[in-house]
Protein chains: 2
Amino acid sequence: MAMDREQVLRTAAALLARKSTATMDEVARAAGIGRATLHRHFAGRDALVRALEAYGIREFEAALDRARLDEGGAGDALRRLVAEMENVAELLAFLVTENQLFEGDQVNEGWARLDARVSALFRRGQEQGEFRIDLSPVWLTEALYGLLGSCAWAVMDGRVAKNDFQYMIAELLLGGARRSVEK
Amino acid sequence: MAMDREQVLRTAAALLARKSTATMDEVARAAGIGRATLHRHFAGRDALVRALEAYGIREFEAALDRARLDEGGAGDALRRLVAEMENVAELLAFLVTENQLFEGDQVNEGWARLDARVSALFRRGQEQGEFRIDLSPVWLTEALYGLLGSCAWAVMDGRVAKNDFQYMIAELLLGGARRSVEK
DNA sequence: ACCTAATGAGACGTTGACGTCTCATTCGAT
DNA sequence: ATCGAATGAGACGTCAACGTCTCATTAGGT
């Protein structure tokens with residue numbers, strides 16, 4: 001009888017990632033609960049999206065913690081981050097395209113904190129001579145988000161194997177498509 | 001008095017790329033025409049989106065033609081492609097997220113043709129030893145789309161300078177973030 | 001077994017965008 | 001200058017999703 005709020009958020013995230021215009025009724029049925037119950041826990045669609053945002057930020061932050069970006073080489077740290085973010089990628093792809101979250105004056109400050117942590121990793125890689133300096137940390141951060149979203153979508157559509165997720169993103173982001181002169 | 005259909009499509013693309021849920025009324029006003037006139041030329045919202053899809057495919061195809069992907073090194077061809085696609089990036093970013101276009105049984109076959117042309121470029125690069133072979137052409141194609149969209153967004157938000165658009169995408173996609181062993 | 005709180009199903013009114021229509025106005029060709 | 005076609009503004013009905021409410025049912029603790 002007790003509604004598992006966490007579980008509802010996860011189901012909603014999975015559904016909305018595929019169909020961002022899904023109805024409250026569809027969200028409720030996907031979660032196996034009634035529409036009334038959904039409304040009892042999330043005042044409305046806005047509240048649901050906000051809750052998903054908070055959930056996504058929380059999960060993203062947890063992934064950052066687990067990846068221990070300060071330890072070891074920046075490249076390896078990035079690989080760990082990609083691995084830890086695989087499960088959040090779909091949700092983040094949805095949230096990023098939900099411009100409703102970024103137009104009001106009530107923009108969740110969590111995003112800035114997350115961006116800063118990711119950017120710091122790229123900056124560290126540059127300062128330690130591991131990453132090139134002609135690509136700004138801000139752009140590398142955006143590129144990481146973009147690749148995570150693209151790959152999540154490609155996996156959902158069956159164009160990329162789920163097992164290749166981490167490798168495809170990390171390798172492309174680190175080494176690019178060009179063959180290295182030296183291995 | 002004559003409505004410039006092409007111009008309307010361009011304005012609609014620019015608006016919908018930023019706010020994909022924009023109203024028909026907002027689209028009309030952005031284009032400087034009345035809502036009634038908009039409806040006279042596009043039977044409804046679906047028709048408008050379909051017209052945008054056709055327009056995007058047309059522009060994308062023209063960019064592919066201009067880039068002459070068969071000529072010269074694959075890396076240089078990719079650079080030309082990125083350059084030619086800069087103006088279509090926003091529209092494509094919108095179309096790709098418009099899942100309405102890809103769920104019915106009436107999926108425009110143009111996408112497959114475009115994907116094939118881009119994939120062929122990556123495959124050529126691999127066969128000629130210029131690109132690495134552990135990243136599939138399909139994934140590289142998806143990654144290109146993702147980076148184009150991310151960078152277009154970053155430019156709109158002012159996080160990346162418009163002048164850096166081509167360089168950031170082409171360099172990241174070709175060389176990655178890691179410093180090359182040899183220049 | 002009882003009691004309380006939560007749930008599911010559904011009815012109901014509201015709202016916003018849609019699509020259609022009318023009519024006066026304006027553009028542009030002749 | 002004239003005439004026909006296209007436009008803008010707005011009114012109107014429709015419809016889907018929303019948010020609220022009620023009520024019977026069920027779950028779970030005591």
Side-chain angles (χ1 to χ4, degrees), chain A residues 1-56 91 94-95 97-106 108, chain B residues 1-56 91 94-95 97-106 108:
Chain A
M1 173 187 195
M3 186 191 88
D4 185 348
R5 183 186 166 100
E6 195 87 335
Q7 178 57 29
V8 171
L9 285 177
R10 267 192 291 271
T11 332
L15 174 61
L16 289 172
R18 289 167 194 267
K19 188 183 175 187
S20 62
T21 61
T23 289
M24 288 294 275
D25 190 72
E26 292 176 295
V27 172
R29 291 185 186 283
I33 63 176
R35 195 166 67 97
T37 305
L38 184 60
H39 269 94
R40 283 189 193 100
H41 289 268
F42 304 98
R45 191 192 183 72
D46 290 355
L48 175 62
V49 173
R50 290 288 170 189
L52 279 171
E53 179 185 38
Y55 176 65
L91 175 54
F94 161 70
L95 291 175
T97 64
E98 202 68 3
N99 13 33
Q100 161 203 355
L101 297 171
F102 305 103
E103 48 190 15
D105 44 331
Q106 273 297 351
N108 193 314
Chain B
M1 171 189 196
M3 186 192 89
D4 186 347
R5 183 187 167 100
E6 196 88 335
Q7 179 57 29
V8 171
L9 284 177
R10 266 192 292 270
T11 351
L15 174 60
L16 289 172
R18 289 167 193 267
K19 188 182 175 188
S20 62
T21 60
T23 289
M24 289 294 275
D25 190 72
E26 291 175 296
V27 173
R29 290 185 187 284
I33 63 177
R35 195 166 68 96
T37 305
L38 184 61
H39 270 93
R40 282 188 194 100
H41 289 268
F42 305 98
R45 192 192 182 74
D46 289 354
L48 175 62
V49 173
R50 290 288 170 187
L52 279 171
E53 179 185 37
Y55 176 65
L91 175 53
F94 161 69
L95 292 175
T97 63
E98 201 68 5
N99 14 31
Q100 162 202 354
L101 296 173
F102 306 103
E103 48 189 16
D105 43 331
Q106 275 296 351
N108 193 315

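Throughout, a chain's letter reflects where its sequence line sits, starting with A, and its residues are numbered from 1. Values in this document were obtained by computation on a predicted structure and should not be read as measured data.
- Following rounding to the nearest Å, Asp4(B) (CG) and dT7(D) (P) show an atom-to-atom distance of 11 Å.
- Rotation axes derived from the C1' atoms of the five outermost pairs at either end of the helix from dA1(C)-dT30(D) to dT30(C)-dA1(D) lie 40° apart, to the nearest 10°.
- Every residue meeting the side chain to side chain contact (heavy atoms under 4.5 Å, CB included) condition with Asn99(A), not counting sequence neighbours, appears here in chain and number order: Trp153(B).
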Practice problem: Tell me, with the steps shown, if Leu16(B) and Leu52(B) meet side-chain contact (heavy atoms from CB on, under 4.5 Å). | Solution: CA-CA 10 Å; Leu16(B) 289 172; Leu52(B) 279 171; 3.6 Å; yes
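- Nucleotide dT7(D) holds its C1' atom 14 Å from the CZ atom of Arg29(B), rounded to whole Å.
- Nearest heavy atom pair, residue Leu91(B) against residue Tyr55(B), reads CD2-CD2, 3.5 Å.
- For the salt bridge (Lys or Arg N to Asp or Glu O under 4.0 Å) condition, the pairs that include at least one residue of residues 5-16 of chain B, sequence neighbours left out, are Glu6(B)-Arg58(B).
- Note: CD (Glu26(B)) to C1' (dG16(C)) measures 12 Å, nearest angstrom.
- In this view, Ala14(A) satisfies the side chain to side chain contact (heavy atoms under 4.5 Å, CB included) rule with no residue, not counting sequence neighbours.
- Residue His41(B) has a polar side-chain atom (N or O) positioned under 4.0 Å from OP1 or OP2 of dT7(D).
- Partners of Glu98(A) by side-chain hydrogen bond (donor to acceptor under 3.5 Å, both in side chains), not counting sequence neighbours: none found.
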Practice problem: For nucleotides 15-21 of chain D, just jot down a letter per nucleotide in 5' to 3' order: B, S or -, based on protein non-hydrogen atoms under 4.0 Å. | Solution: --SBBBB
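- Within the structure, every pair that satisfies the salt bridge (Lys or Arg N to Asp or Glu O under 4.0 Å) test and touches residues 27-47 of chain B, not counting sequence neighbours, is listed here: Asp25(B)-Arg29(B).
- We find that Lys19(A) and Glu26(A) are joined by a salt bridge, their nearest charged nitrogen and carboxylate oxygen being less than 4.0 Å apart.
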